[in-house]
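First listed ligand is number 1; within each ligand, the first listed atom is number 1. We count residues from 1, following the sequence as given. Every heavy atom of this structure was used, including side-chain atoms; hydrogens, water molecules and symmetry mates were not.
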Amino acid sequence: MRAGLRTYPYTIINYGGQDVRVTKNMITLNKLTFVIAALVVLSVERSLCQNLPDKPKPLVTDIYTADPSAHIFNGKIYIYPSHDIEANVPQDDEGGHFNMRDYHVFSMDNINGKVTDHGVALDVKDVPWAGRQMWAPDAAYKNGTYYLYFPAKDKKDVFRIGVATSKSPTGPFKAEPAPIPGSYSIDPAVFTDTDGKAYIYFGGIWGGQLQRWHTGKYDASLKTDLKKDNEPALSAKVARLSKDMLKFDEPVKDVQIVDKDGKPLLGGDHDRRFFEGAWMHKYKGKYYFSYSTGDTHFLAYATSNSPYGPFTYQGTFMKPVTGWTTHHSIIELNGKWYIFYHDVELSGQTHLRNIKVRELKRGADGAIEMITP
Ligand code: FUB
């Protein structure tokens, strides 16, 4: 200590117009209070800034929802799911127990926000060509119109893909009088690339009937797959959409998935081959094709430099959820990525599902981290 200078065991501060003595201990305590307060503020802020729980809860609890296709339109999240109902149809390999009749659209202001049900957006009775089973839909937007793409069985019990339009993202949607010409099978997913071109991916084996079209003609005798385990697996399909978004603009192509040596995945490779539930997203210029492996219940993905592929298989990224089916969509919001998916937490029954959302994380190389639901 320097001569002539005195130190005091307290500091005087002016608090509310009065001089107050503050001891060292008090300063330490105040620092602690400050740190705690900062931590509380930070954690509240983080929850508003789209941090989601690791064990998400169902987003909708008053009706059953599945196969959620999420999109951001005008800065808001819209979800286009299937609407599961109890139709008392026994479970079979053809998915007869998924006997849905309509679609509801849901919206959220932010990823943690309230979920709003906008009611019935399209009913099977208003689709002139459809007979039954309104399965997993998707949506797209172009030039002031919203498009709802949906699979349904036609009056001959053959799955086709329909399209319906609306001026609002929440519908109601008006169906075109006939399915998309040349369409078949299920699970349409529409991806609009950065150059404005839109592509539709679709297909699903077993109950989704993709195997019945492998010669180009419908063959009802093929119930599950081709039963050729050592031959290339059946592929999902892709076609660019026409400018009016109502038709295929080119012949349908195979979405080929190959291993790291460039060899096609085989029909017997049930852990890796495509089953149903296609989704496409683009990350850092690469195209990520993701899908369900069906009877092995994984979500898997493959990447390419082209929206047409071939796609190189990268791995699975979600372990089986509760319930037989697994189906997802992936969106980016404010620099973070989210996966919408379903399980059967509410009902415990495969055909009565509930949608959920959680964050999708990646490694520095873009690899999607494994999710354990
Ligand atoms: O919801 C009916 C079907 O179950 C979907 O089309 C498949 O993807 C599976 O989730």
Asks: Taking side chain to side chain donor-acceptor pair (under 3.5 Å) as the definition, give me every residue that meets it alongside His97, ordered by chain and number, with sequence neighbours left out.
Replies: none

Asks: How far is atom 4 (O) of ligand 1 from the closest protein heavy atom, and which atom is that?
Replies: Arg353 NH1, 3.2 Å

Asks: Find all atoms of ligand 1 within a distance of less than 4.0 Å from any non-hydrogen atom belonging to His327, and give their numbers and elements.
Replies: 7 (C), 8 (O), 10 (O)

Asks: By the rule that ILVMFWY residues connect when side-chain heavy atoms come within less than 4.5 angstrom, directly or transitively, which residues belong alongside Ile85?
Replies: none

Asks: Can Arg362 be said to sit on top of Tyr288's aromatic six-ring, NZ or CZ under 6.0 Å from centre and within 45° of the ring axis?
Replies: yes

Asks: Between atom OG1 of Thr170 and atom OH of Tyr78, what is the distance when rounded to the nearest 0.5 Å?
Replies: 6.5 Å

Asks: Can you list the ligand 1 atoms lying under 4.0 Å from a non-hydrogen atom of Met100?
Replies: 1 (O), 2 (C)

Asks: In the protein, what heavy atom is nearest to atom 6 (O) of ligand 1, and what distance, to one decimal place, separates them?
Replies: Asp187 OD1, 2.5 Å

Asks: Would you mind checking which non-hydrogen protein atom is closest to atom 3 (C) of ligand 1, with the distance to 0.1 Å?
Replies: Trp135 CE3, 3.8 Å

Asks: Validate the cation-pi geometry between Lys253 and Tyr308: distance from NZ or CZ to the six-membered ring centre under 6.0 Å, angle to the ring axis within 45°.
Replies: yes

Asks: Counting both backbone and side chain atoms, is some N or O of Asp67 under 3.5 Å from an N or O of ligand 1?
Replies: yes

Asks: Counting from 1, what ligand 1 atoms have a heavy atom of His342 closer than 4.0 Å?
Replies: 10 (O)

Asks: In ligand 1, which numbered atoms sit nearer than 4.0 Å to a non-hydrogen atom of Ala136?
Replies: 6 (O)

Asks: Is it the case that the side chains of Lys356 and Tyr341 hold a donor-acceptor pair, with the cut-off being a distance below 3.5 Å and no angle test?
Replies: no

Asks: Starting from atom 9 (C) of ligand 1, what is the nearest protein heavy atom, named by residue and atom, and what distance separates them?
Replies: Glu276 OE2, 3.3 Å

Asks: Going by ring pair (Phe, Tyr, Trp, His ring centres under 6.0 Å), His281 matches just one of Tyr338, Phe191, Phe289, Trp337. Which one?
Replies: Trp337

